[in-house]
Amino acid sequence: MSFDTALKVARSAVAEVVSAEPAFSNETVDAAMRYALEGGKGFRAFLVMEGARVHGVDANGSAHAAAAIECLHTYSLIHDDLPCMDDDDLRRGRPTVHRKWDEATAVLAGDALQSVAFELIFSSHTGDSARVALGQSLAIAAKQMVEGQALDIAAETAQRALTLAEIETLQALKTGALIRWSAKAGALIADADPQALDRYGTAIGTAFQIADDLLDVEGDESAIGKKVGKDADAGKATFVSHLGVEGAKARAAILVEEAIEALSSYGEGADALREAARFVIARDR
């Protein structure tokens, strides 16, 4: 199965799982949650399902975990867009949740999606030990993401710009933690050794953030679905500000090769994951 096909399968599986979730009694919060979930790439869900597939687990065994990470990721985006955080008006080419509704609804929708994520993990079609491993590791990844976000906010008012090493640490938490979890979740579902997929996820997590930094400089706002040029306007230290555009692209390319090397033990069965690593730095949104 090609990367593009597997990505579509993952998005479809997530949509099916989410549509089966009971509606919240508060119609506004329920509508905001479902609105926020629409239009995503489904990349993290793909990583979960493809990582499971290479370990012999079918879609029935991985779809709930895939939906869970999309819910958790979407919660983080809703909160990240709030005026007290990044103050964004657009997400995925549409008004952010707090713009379409209000800040309170956005906070509650994000809170609810985080809870739904763990509900989905513990209702997944896996063994008990796998559910515990998935739930515990996802909680740790979510905490790391928050730690990274806190570092990012603190950097905005710091007396000096972050060093490259500090940016790497920050982004390994803020962006990388959920991508690493997504990459290794399939192995956890199969009760297999997650080390190779963890190395893969670590490499593409950093490459993904470098690509984001590049898109903020070179991207098309209509394709990305959110404002570009914000990092430069804010004087924010990024991979691009430290390495330059060409240096950042070179660094990302090395990371992609590291990710592909981490998959060497999986043979041709992991070709979609290899394509995904290349997609990370070739994407336009």
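Tracing side-chain contacts under 4.5 Å through hydrophobic residues (I, L, V, M, F, W, Y), one reaches Val17 starting from Leu138; they form part of the same cluster. In the hydrophobic clustering of this structure, Leu108 groups with Val146; members are Ile, Leu, Val, Met, Phe, Trp, Tyr whose side-chain heavy atoms approach within less than 4.5 Å, directly or through other members. Val57 and Ile69 fall within the same hydrophobic cluster, where Ile, Leu, Val, Met, Phe, Trp and Tyr residues are linked whenever their side-chain heavy atoms come under 4.5 Å apart, directly or through other members. Ile179 is connected to Phe3 through a chain of hydrophobic side-chain contacts under 4.5 Å among Ile, Leu, Val, Met, Phe, Trp and Tyr, so both are in one cluster. Taking hydrophobic clusters as Ile, Leu, Val, Met, Phe, Trp and Tyr residues chained together by side-chain heavy-atom distances below 4.5 Å, Ile140 does not share a cluster with Ile189.
Formation of a donor-acceptor pair under 3.5 Å by the Thr96 side chain with backbone atoms of Asp88 is found in this model. Put simply, the side chain of Arg34 gets close to the backbone of Val18: a donor and an acceptor are under 3.5 Å apart. The main-chain N or O of Leu162 is found under 3.5 Å from a side-chain atom of His242 such that the two form a donor-acceptor pair. When atom types are taken as modelled, the side chain of Asp213 and the backbone of Asp216 share no donor-acceptor pair closer than 3.5 angstrom. Remark: the backbone N or O of Ser123 is not paired with any side-chain donor or acceptor of Arg131 at under 3.5 angstrom. A distance-only check finds a donor-acceptor pair linking the side chain of Ser19 to the backbone of Ala15 [under 3.5 Å]. The main-chain N or O of Ala36 is found under 3.5 Å from a side-chain atom of Arg92 such that the two form a donor-acceptor pair. The main-chain N or O of Asn60 is found under 3.5 Å from a side-chain atom of His125 such that the two form a donor-acceptor pair. With hydrogens and angles disregarded, no donor-acceptor distance shorter than 3.5 Å links the side chain of Glu50 to the backbone of Leu273.
Side-chain contact check for Leu151 versus Lys174: every heavy-atom pair is 4.5 Å or farther apart. The closest side-chain heavy-atom distance from Arg53 to Ser62 is not below 4.5 Å. When side chains are defined from C-beta on, Met85 counts as touching Ile153, because their heavy atoms get closer than 4.5 Å. Residues Glu21 and Leu120 are in side-chain contact: their nearest non-hydrogen atoms beyond the backbone lie under 4.5 Å apart. Counting heavy atoms from C-beta on, the side chains of Leu72 and Gln114 come closer than 4.5 Å. Proximity of Asp4 to Phe279: side-chain heavy atoms (C-beta onward) are nowhere separated by under 4.5 Å. With contacts defined as side-chain heavy-atom distances shorter than 4.5 Å, the pair Arg283/Phe208 qualifies.
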Practice item. Run the numbers on Phe239 and Leu164 for side-chain contact (heavy atoms from CB on, under 4.5 Å), then give the verdict. Key: CA-CA 7 Å; Phe239 284 105; Leu164 182 59; 3.8 Å; yes
Review point. Are Gln171 and Ile210 close enough, and set up right, to give a side-chain contact (heavy atoms from CB on, under 4.5 Å), and what steps lead you there?
Key: CA-CA 9 Å; Gln171 298 299 353; Ile210 293 174; over 6 Å; no
**Study point:** CA sep, side-chain torsions, deciding dist, call: Asn26, Asp30, side-chain contact (heavy atoms from CB on, under 4.5 Å)
**Key:** CA-CA 6 Å; Asn26 185 295; Asp30 188 76; over 6 Å; no
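Salt bridge status for Glu275 with Arg278: absent, with no side-chain N to carboxylate O gap under 4.0 Å. The pair Asp87-Arg99 meets the salt-bridge criterion, with a side-chain N (NZ, NE, NH1 or NH2) lying under 4.0 Å from an Asp/Glu carboxylate O.
Cation-pi geometry between Arg94 and Tyr35 is met: under 6.0 angstrom from the ring centre, within 45 degrees of the axis.
In this structure, NE2 in His79 is found 10.5 Å from CG in Asp81, a value given to the nearest 0.5 Å.
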Review item, side-chain donor-acceptor pairs of residues 255-271, under 3.5 Å, at least two apart:
unit_1: Ser264; atom_1: OG; unit_2: Glu261; atom_2: O; d: 3.2
unit_1: Tyr266; atom_1: OH; unit_2: His55; atom_2: NE2; d: 3.2
unit_1: Asp271; atom_1: OD1; unit_2: Arg274; atom_2: NH1; d: 2.9

